[in-house]
Amino acid sequence: MLTRRLLQLLIGLAMYGVSLAIFIRAGLGLDPWDVFHQGLAIKTGLSIGTVVVIVSFLVLLLWIPLRQWPGFGTLCNAVLVGVFADIGLALIPEVTHLVGQIGMLVGAIVLNGIASACYIGARLGPGARDGLMTGLARRTGWSLRTSRTGIEIVVLGAGWLLGGSVGVGTVLYALAIGPLVQLLLPRFTVPEARPAEAVGAEAAGAEPAVVEPATAEATVAESSAAEPTGAEPAAIAGTVVPAAAAGGPAG
């Protein structure tokens, strides 16, 4: 089970980074956090992947006063998304034809949804930006929606001022990513292992007690109720549904 979780995490983060590269090549607008990343990359001359990694670790520093603790998946997220974004940009050519741009935008959103479901479903820790939102909500008493919206308005505005790309892709991503991850997450969530006592009782022929772990459906239901849109999410069974899962980027 752990092997599957690790593979799913790594594959999901690789796909997430590549989806970011496709978004950029589509040239029709990015999600709020990546508008910010792109703006910083433009101003600093660094690659966007390098900026993603640096910002991830700076955001993790904000976890300290919020008393958040990273998991293994959190640290992998902080490094690998940026690495694979740069690899994707090196391999994927720019597209200037509108039909091609629209196709790439749609493909990027679908791939991003699959990637989000994969890494969230692995249950190995939230992304840095996810944890910032949930930690802020817990410490301030704000709702997840308020925390997420406030953070995204700030990073979107800052990214736009820095020259990041805001466009129809920004809006389409916000509208589509939440429902897409809700649809896919139950299919990718790795189930929790059953207690040893239940396995032993079943092996002995006895009727084991039914233990209902927090399922992906429950995760999605609570996330949906609390966060209909966005880029960071409801924490259940050690998993965070990112704003992306609610309607924004993962992090």
Side-chain angles (χ1 to χ4, degrees), residues 16 29-37 39-40 51-52 54-71 73-75 77-78 81 112-113 116-117 119-121 123-162 164 166 170-182 185 189 214-251:
Y16 201 101
L30 304 174
D31 64 78
W33 273 104
D34 289 326
V35 171
F36 180 61
H37 297 146
L40 285 176
V51 171
V52 169
I54 292 172
V55 170
S56 294
F57 281 100
L58 290 176
V59 171
L60 284 176
L61 292 178
L62 298 178
W63 284 31
I64 297 174
L66 298 175
R67 298 181 183 177
Q68 294 275 105
W69 296 101
T74 308
L75 300 178
N77 186 313
V81 170
N112 189 275
S116 297
Y119 94 77
I120 295 168
R123 299 188 298 107
L124 288 170
R129 297 153 189 79
D130 299 331
L132 175 62
M133 183 199 69
T134 55
L136 187 63
R138 189 184 66 251
R139 295 288 289 176
T140 62
W142 298 343
S143 68
L144 289 175
R145 180 181 302 176
T146 299
S147 298
R148 185 196 65 242
T149 301
I151 291 170
E152 290 191 346
I153 288 174
V154 170
V155 296
L156 178 62
W160 178 70
L161 290 173
L162 290 169
V166 178
T170 308
V171 177
L172 185 59
Y173 182 87
L175 294 175
I177 195 65
L180 184 58
V181 176
Q182 277 195 358
L185 187 57
T189 297
T215 63
E217 290 82 356
T219 304
V220 173
E222 181 161 338
S223 169
S224 176
E227 299 300 311
T229 65
E232 322 246 354
I236 296 192
T239 292
V240 173
V241 178

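Sequential numbering from 1 along the given sequence is applied to the chain's residues.
Remark: L75 engages L60, P70 in a side-chain contact (heavy atoms from CB on, under 4.5 Å) (not counting sequence neighbours). Every side-chain hydrogen bond (donor to acceptor under 3.5 Å, both in side chains) that R138 has, sequence neighbours left out, goes to Q68. L58 pairs by the side-chain contact (heavy atoms from CB on, under 4.5 Å) definition with I54, L61, not counting sequence neighbours. Every residue meeting the side-chain contact (heavy atoms from CB on, under 4.5 Å) condition with L172, not counting sequence neighbours, appears here in chain and number order: L105, I109. For A137, the side-chain contact (heavy atoms from CB on, under 4.5 Å) test picks out L144, S147, with sequence neighbours left out.
W160 CH2: 12 or fewer foreign heavy atoms inside a 6.0 Å radius.
For the atom pair OG1 of T170 and CG of L156, the computed distance is 6.5 Å after rounding to the nearest 0.5 Å. Going from atom CG of N77 over to atom CG of L124 covers 11.5 Å, rounded to the nearest 0.5 Å. Once rounded to the nearest 0.5 Å, the distance linking CD of E152 with CE of M133 reads 9.0 Å.
Closest approach of D34 and H37 over heavy atoms only: OD1-ND1, 2.8 Å. Smallest separation of non-hydrogen atoms from W63 and P126: CH2-CG, 4.0 Å. Residue Y119 comes nearest to G127 through the heavy atom pair CE1-N, 4.4 Å, listed as atom of the first residue, atom of the second, then distance. When all heavy atoms of L30 and V35 are compared, the pair lying nearest together is O-CG2, 3.4 Å.
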L40 and L162: side chain to side chain contact (heavy atoms under 4.5 Å, CB included), yes or no, with the steps?
CA-CA 6 Å; L40 285 176; L162 290 169; 3.7 Å; yes

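The side-chain heavy atoms of L66 and L132, taken from C-beta on, include a pair separated by under 4.5 Å. Annotation: side chain of R129 is not in contact with side chain of I151 (no heavy-atom distance under 4.5 Å). Contact annotation: the side chain of V154 never approaches that of F36 to less than 4.5 Å [non-hydrogen atoms, C-beta and beyond].
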